[in-house]
Every structure is written in C-alpha cells, then in structure tokens.
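Here is the structure we will look at.
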Amino acid sequence: IHVIPVFVSAMAAPPVVIWEREVRQLLSPADLIPRLEDALGKFSRRDAAEVLQPVRTAVPLQKHGGFMGLMPTYMEKDGVLSTKFVCFYKREEGSTLPAVQATVVLLDPEYGNVKAVMDGEVITAMRTAAVSAISAKLLMPPQAEVLAILGTGKQALSHCRVFTEMFSFKELRVWSRTKEGAARFIRSIDGPVQGCSTAEEAVRGADVIVTVTGSTQPVLFGQWVKAGAHVAAVGACRPDWRELDDVLMKEAVVYADSREGAMLESGDVILSGAEVFAELGDVINGTKAAHREKTTVFKSLGMGVEDAVSAQLVFDRWKAQAGKF
C-alpha cells in the first residue's frame, strides 16, 4: 500500500486582490512611518536575515520612453516576501498617459505562492512621502517654518499631505511648470498654499524643499537654497536624469535610502560626483550623524523593503477586517 502525502497549505486559497480604494483605506502615514523607520534601520545593518534586497532591476521600454523596474525583497525574520513591478515614463508635457503604474505582489516565503496582489500606486506614493518625511524629521533645521514643493503631480500631493500631517509649517509654497498644474494642486489641498511663478521664488528662504518633478535637467540650484535647509529630492530616478545642480549636491551633506542604489541610479549623485555621507538607516541606527546645522540633501530612490512592509501592513489590515486568520 502506497501512502501519498497530502499537503494542505496556503496554496489552496487563491490570491487576494486589493484594489486602490481599499489600499487607501487600509494604509495611513501615522501607522506606516514607524514601520518604515524600523525597515530602514534593518536595511542599513546589512544583515541578510533581516533584509535581503538587490538593487532595482530596470528594463528599458525604449519605444514608449520608459522603464519597468522590478523590486524584490525578502525579510527572513519577519516572514515577508514581496516584489513590486513599476513602470515609469518620461511623458511629454500635457500627456494624459500616467507617468507611473505599479503593482505589489506579496508571497508566502515557505510555499512560494502568491498571497496577495495589490495596487502599488497608493503604496508607492505614500511610502515615498513617508520616507521623505522621516528624512525631514531627522535632518531639517529646528523650528522649520517654510515648506516648498517643486512639482504638482501625485507625489507632490502625497508629500504635501504627509508633511503637513507630521509637521507644523507656517507657510506652504508650490511651483509647477504650468499654471494649470499649480491651480489643480492648490484646489486639491486643504489650507492656504502660495502658488509661485518660478522655482526660485518658491524655494528662496524655505527651510524644507521637496522636489517631485519629472525633470531630467536641474530645477533646483544651490545659489537659491538657504544655508541649513533640508532638501528631499524624489524625482530623477535614472543615472542621466537630474533635479539638483552641482553646486547644491557638492555643498550639501548628502543622505540616501540606499547607497548602492544612489551610486547606480541617481543622476544627481553620479553626474555631480557628490559623496553619499550616509543612509537614513545609518542615522536611525545611530552609526552616522544627522547634520541638522548644515544644508542637507536626501536623495530618495525608493526601495523594495519600503514596499514590502507597506504591503504586509495592508494585507494584515485586510485580514483583520475580513475576519480571516
């Protein structure tokens, strides 16, 4: 008699699909930020049992002027395995096509099956803004009063909402390449916002500056930036794209989410020859200093571990609401 073992596993259940609206309801900056701080610290310790994450793989979509990025992460101790597929494009001004489309897949690390597929745009926007806010929390000058945002797309809106929720700025300024973009942004925000006609007008005297543009050439120049200001640079995620000029990059103390990612992907870092002083995780871990008294730049490129902890939080919340354990 041959006994055939039968394995009952999570593979028996089809993957959960969590749409954009649900992700938005299940995710909040207040809950996400402490998890991201923990994840950034773990990443910077370079313990493979805590975070195993290669640098993003980018596949050119030459015909369409874009790239597909693949961002896998395994957190062995936390039992989290995920990857994000993200397509990002350099769109012509006025294009109605999306600049970014993203999907996050959460897998069971033991069986390898897909547990959940979820909209990645909300996750990308919120975790990116949350990490930028963490950089500001660590690096911006004390009693920062003026926030300037260059750009008016989805990331600009997400950053505005997270920053104004976390910090008490007395003045908010925004600049867009188009009057329509600035007007749309201002309509979308609760509270007073000053629309500026030039980027220089927006950033002169600002304590915190967020650059979230689709630009491939510098839009922020060091001669405009107040000494001791903090800059969170979020756009320009390719080696030949830039948002910041050489003066700013060389005069500031530069931080990144991933040193390896910045050296391979950031045109702001590569083309200026600027040194990356530390990762945010190094500051969180206490192994590198937070130079609040100096002008600082945080070069954000986004990491798979940020998507992984965000997706796990969404999935855990979904299970709790659905009563499935």
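Residue numbers run from 1 in the order of the sequence given.
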Answer yes or no: does atom [atom1] of [X] have more than 12 heavy-atom neighbours from other residues, nucleotides or ligands under 6.0 Å?
X: Asp240; atom1: CG; value: yes
X: Lys90; atom1: NZ; value: yes
X: Arg21; atom1: CZ; value: no

For the pair [X] (side chain) and [Y] (backbone), establish whether a donor and an acceptor sit closer than 3.5 Å, ignoring hydrogens and angles.
X: Asn285; Y: Gly281; value: yes
X: Asp207; Y: Ala229; value: no
X: Glu76; Y: Glu50; value: no
X: Ser266; Y: Val269; value: yes
X: Ser158; Y: Ala125; value: yes
X: Asp257; Y: Gly302; value: yes
X: Arg292; Y: Met140; value: yes

Hey, what do you get for [atom1] ([X]) to [atom2] ([Y]), rounding to the nearest 0.5 Å?
X: Met303; Y: Ser300; atom1: CE; atom2: OG; value: 9.0 Å
X: Ile18; Y: Arg317; atom1: CD1; atom2: CZ; value: 12.0 Å
X: Glu265; Y: Leu301; atom1: CD; atom2: CG; value: 5.5 Å
X: Arg204; Y: Trp224; atom1: CZ; atom2: CH2; value: 8.0 Å
X: Ser215; Y: Arg242; atom1: OG; atom2: CZ; value: 10.5 Å
X: Ser132; Y: His159; atom1: OG; atom2: NE2; value: 3.0 Å

Please check if [X] and [Y] belong to a single hydrophobic cluster, counting links between Ile, Leu, Val, Met, Phe, Trp and Tyr side chain heavy atoms closer than 4.5 Å.
X: Phe298; Y: Met166; result: yes
X: Val55; Y: Leu52; result: no
X: Leu36; Y: Met126; result: yes
X: Ile123; Y: Leu313; result: yes
X: Val203; Y: Leu244; result: yes

>> Classify the ring geometry of Phe169 against Phe167: parallel below 30°, tilted from 30° to 60°, perpendicular beyond 60°.
In response: perpendicular

> How are the rings of Trp241 and Phe67 set relative to one another: parallel (under 30°), tilted (30 to 60°) or perpendicular (over 60°)?
Replying inline: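 Trp241 vs Phe67 ring planes: perpendicular.
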
> Do His291 and Tyr255 make the cut of ring centroids closer than 6.0 angstrom?
Replying inline: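 Ring centroids of His291 and Tyr255 are no less than 6.0 Å from each other.
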
Under 4.5 Å between any side-chain heavy atoms of [X] and [Y], yes or no?
X: Gln194; Y: Glu201; result: yes
X: Val234; Y: Thr211; result: no
X: Cys87; Y: Leu61; result: yes
X: Leu26; Y: Gln321; result: yes
X: Val16; Y: Met118; result: no
X: Val114; Y: Val117; result: yes
X: Arg127; Y: Asp307; result: yes
X: Met249; Y: Val254; result: yes

>> side chain to side chain contact (heavy atoms under 4.5 Å, CB included), that's the test. Do Thr296 and Val231 meet it? Break it down for me.
In response: CA-CA 6 Å; Thr296 53; Val231 178; over 6 Å; no

Is it true that [X] and [Y] have a side-chain N and a carboxylate O under 4.0 angstrom from each other?
X: Arg46; Y: Glu279; answer: yes
X: Arg184; Y: Glu180; answer: no
X: Glu145; Y: Lys170; answer: yes
X: Lys137; Y: Glu37; answer: yes
X: Asp78; Y: Lys42; answer: yes
X: Asp282; Y: Lys288; answer: no
X: Glu171; Y: Arg173; answer: yes
X: Lys115; Y: Asp108; answer: no
X: Glu165; Y: Arg161; answer: no

Which atom pair, heavy atoms only, marks the closest approach of [X] to [Y]?
X: Val283; Y: Ala289; answer: CG2-O, 4.0 Å
X: Gln155; Y: Ala129; answer: OE1-N, 4.4 Å
X: Cys160; Y: Leu172; answer: SG-CD2, 3.5 Å
X: Ala156; Y: Gly151; answer: CB-O, 3.1 Å
X: Gly222; Y: Val247; answer: CA-CG1, 4.0 Å
X: Ile33; Y: Ala130; answer: CG1-CB, 3.7 Å

Under 3.5 Å, is there a donor-acceptor pair linking the side chains of [X] and [Y]?
X: Glu243; Y: Thr213; result: yes
X: Arg238; Y: Thr216; result: no
X: Lys226; Y: Thr295; result: no

> Does the side chain to side chain contact (heavy atoms under 4.5 Å, CB included) test come out yes or no for Trp19 and Asp119, once each step is laid out?
Replying inline: CA-CA 5 Å; Trp19 301 103; Asp119 178 88; 5.7 Å; no

>> Using the rule given for side chain to side chain contact (heavy atoms under 4.5 Å, CB included), can you reason through Glu260 versus Met263, listing the C-alpha separation, both sets of side-chain angles and the distance that settles it, and then say yes or no?
In response: CA-CA 5 Å; Glu260 293 89 346; Met263 297 306 297; 5.9 Å; no

>> Pair Val210, Leu147 - check side chain to side chain contact (heavy atoms under 4.5 Å, CB included), show working.
In response: CA-CA 8 Å; Val210 177; Leu147 170 64; 4.0 Å; yes

>> If the test is side-chain contact (heavy atoms from CB on, under 4.5 Å), which one of Thr83, Leu81, Leu107, Val305 qualifies with Tyr74?
In response: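 In the set Thr83, Leu81, Leu107, Val305, the residue that makes a side-chain contact (heavy atoms from CB on, under 4.5 Å) with Tyr74 is Leu81.
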
> Can the positive tip of Arg187 be found less than 6.0 Å from the middle of the six-membered ring of Phe185, inside 45° of the ring normal?
Replying inline: no

